[in-house]
Amino acid sequence: MLIPSPQDFSFDQTVKSHGWRALLPFTWSEDAQSLEYIYAHSSGTVCIIKMSTPEGVLSVDCEIEDEEVLGAVRQMLQMDILLDDFYAYCEQHQKLASIPPLKQGRLLVSPSIFEDVVRVICTTNTTWAQTTSMVARIVDAYGSPHPTNPERKAFPTAQQIAADTLEGFSTKAKLGYRNASVYKIASDISAGILNLEELRTNDFPATDLYKRLLTLPGVGPYAASCLMIYLGRYDRVNVDSWARTLVGKELGRTVTDKEAHAFFEEYVEWKALVYHFYPWAAR
DNA sequence: TTCCAGGGGTAGA
DNA sequence: TCTACCCATGGA
């Protein structure tokens, strides 16, 4: 089915906005320019959602094509994010002028906040290669298999992880010291103590949302800032080693986290989007 | 062997 | 608030 897209939507820019397309159950084909996601439908069926833009229009191919799948696609590609204010801001700043014509500003995210929380924790203090391995082990060990391609599995629910013991999870997922954090979050969701999805629907002030995210085990300033971006809040930069490198090149010296934050201070509520899509000389 | 990667938690100042 | 230190893991 063909999906009507906002005027300022770019499938290519969204998919390539950061590394999520390389983490299961996403798979990206550079040759076909198509993104696949193994989706656990509420009916219990696991299906493969294939997204591409063969004629410049977003096309979705799935065994199940209903409102739920369409909603998941719109969610993953952030199609309902409004960028008008951000683009107006960019047009007032010469350095950011390239962003609106390129239709940048949307990031690839997961259908559930739990999934993005687990992914982000798996990016902390490790290499990208190890992040992909960690996420792959979680999906392989606990995800529901596709009925006809059982080697392809959906991202597990919190309940599927919590059904195992911490020892079992640690042995299978091998997240190092992150095991306890991810298992605790999954267990709390499964027990009904924690509801991450309410962070999406409730209209929290940004500072409250940030504080709520920081209460999650394994989630610190970097991870919380990442998750805020996925929730459409851009007033905190997820300063990581890459941010320090880029700002360092821009300033011609090595910089601390504090200096990296200071570099983006002028971009008010758009700091994180500016970091992601700033026309860095190195790119 | 040592270092470190898209940091987090804690203790102590 | 800031700094120092440890934290599993696996590749370089």
Side-chain angles (χ1 to χ4, degrees), chain A residues 14-24 26 28 104 106-110 113-141 161 164-188 194 196 207 209-231 233-234 236-250 254-265 271-278 280 282-283:
Chain A
T14 304
V15 171
K16 296 182 177 176
S17 57
H18 66 142
W20 261 207
R21 68 187 179 283
L23 301 181
L24 293 179
F26 282 116
W28 168 252
Q104 295 174 321
R106 292 184 171 82
L107 282 86
L108 182 66
V109 301
S110 307
I113 298 178
F114 169 67
E115 184 173 331
D116 275 338
V117 167
V118 174
R119 288 183 196 282
V120 168
I121 291 175
C122 290
T123 68
T124 58
N125 192 29
T126 189
T127 59
W128 184 249
Q130 291 203 68
T131 297
T132 60
S133 298
M134 284 188 254
V135 174
R137 284 193 292 269
I138 292 171
V139 171
D140 186 58
I161 291 174
D164 199 352
T165 62
L166 172 59
E167 291 70 26
F169 178 72
S170 302
T171 303
K172 298 184 186 84
K174 296 172 73 173
L175 309 186
Y177 62 87
R178 306 166 195 81
N179 286 318
S181 301
V182 170
Y183 185 78
K184 169 71 172 161
I185 292 170
S187 298
D188 284 356
L194 178 65
L196 292 178
T207 50
L209 177 61
Y210 182 65
K211 287 176 184 173
R212 287 277 302 260
L213 290 168
L214 284 180
T215 66
L216 298 173
V219 174
Y222 160 80
S225 301
C226 283
L227 291 164
M228 286 190 61
I229 299 166
Y230 307 152
L231 291 166
R233 308 293 190 92
Y234 310 113
R236 285 195 60 88
V237 175
N238 52 316
V239 168
D240 51 16
S241 58
W242 184 234
R244 286 190 294 275
T245 299
L246 292 175
V247 174
K249 282 184 179 176
E250 203 76 3
T254 58
V255 297
T256 63
D257 280 16
K258 195 173 178 180
E259 290 172 314
H261 279 292
F263 179 84
F264 296 101
E265 198 54 43
K271 296 183 191 75
L273 282 185
V274 169
Y275 164 46
H276 268 274
F277 300 106
Y278 190 89
W280 301 100
R283 287 187 178 179

(request) Measure from CG on D257(A) to C1' on dA5(B) and round the result to the nearest Å. (result) 14 Å
(message) From CH2 of W20(A) over to P of dG6(B), roughly how many Å is that when rounded to an integer?
(response) 13 Å
(request) Could you check N238(A) against G218(A) and say which one's nearest nucleotide on DNA chain B is further toward the 5' end? (result) N238(A)
Hey, what are the protein-to-nucleotides 6-8 of chain C N/O distances that come in under 3.5 Å?
residue	atom	partner	partner atom	Å
dA8(C)	O4'	Y177(A)	N	3.2

(message) Rounding to an integer number of Å, can you tell me how far H261(A) NE2 sits from dG6(B) P?
(response) 17 Å
(request) Figure out the CZ/C1' separation between R137(A) and dT9(C), and round it to whole Å. (result) 8 Å
(message) Just to verify, what does F169(A) make a ring-ring contact (aromatic ring centres under 6.0 Å, His included) with, not counting sequence neighbours?
(response) Y142(A)
(request) Starting at atom NZ of K184(A), determine the distance to atom C1' of dG8(B), rounded to an integer number of angstrom. (result) 17 Å
(request) Under 4.0 Å between any heavy atoms, over every strand shown, what does T127(A) touch: base, sugar-phosphate, or nothing? Just pick one. (result) base
(request) Residues of residues 220-230 of chain A with any non-hydrogen atom less than 4.0 angstrom from an atom of DNA chain B: list those, numerically ordered, please. (result) G220(A), P221(A), Y222(A), A223(A)
Between N or O atoms, less than 3.5 Å apart, protein on one side and nucleotides 11-13 of chain B on the other: list the pairs.
none

(message) Please classify the nucleic acid contact of L214(A) as base, sugar-phosphate, or nothing, using heavy-atom distances under 4.0 Å.
(response) nothing
Could I get a table of every N or O pair under 3.5 Å where one atom is in the protein and the other is in nucleotides 1-4 of chain C?
residue	atom	partner	partner atom	Å
dC2(C)	OP1	K258(A)	NZ	2.9

(request) Name the nucleic acid region contacted by V120(A), choosing base, sugar-phosphate or nothing; use a 4.0 angstrom heavy-atom cut-off, strictly under. (result) nothing
(request) Classify the nucleic acid contact of R244(A) as base, sugar-phosphate or nothing, counting any heavy atom under 4.0 Å across all strands shown. (result) sugar-phosphate
(request) State which residues pass side chain to side chain contact (heavy atoms under 4.5 Å, CB included) with A272(A); sequence neighbours excluded, sorted by chain then number. (result) I229(A), Y234(A)
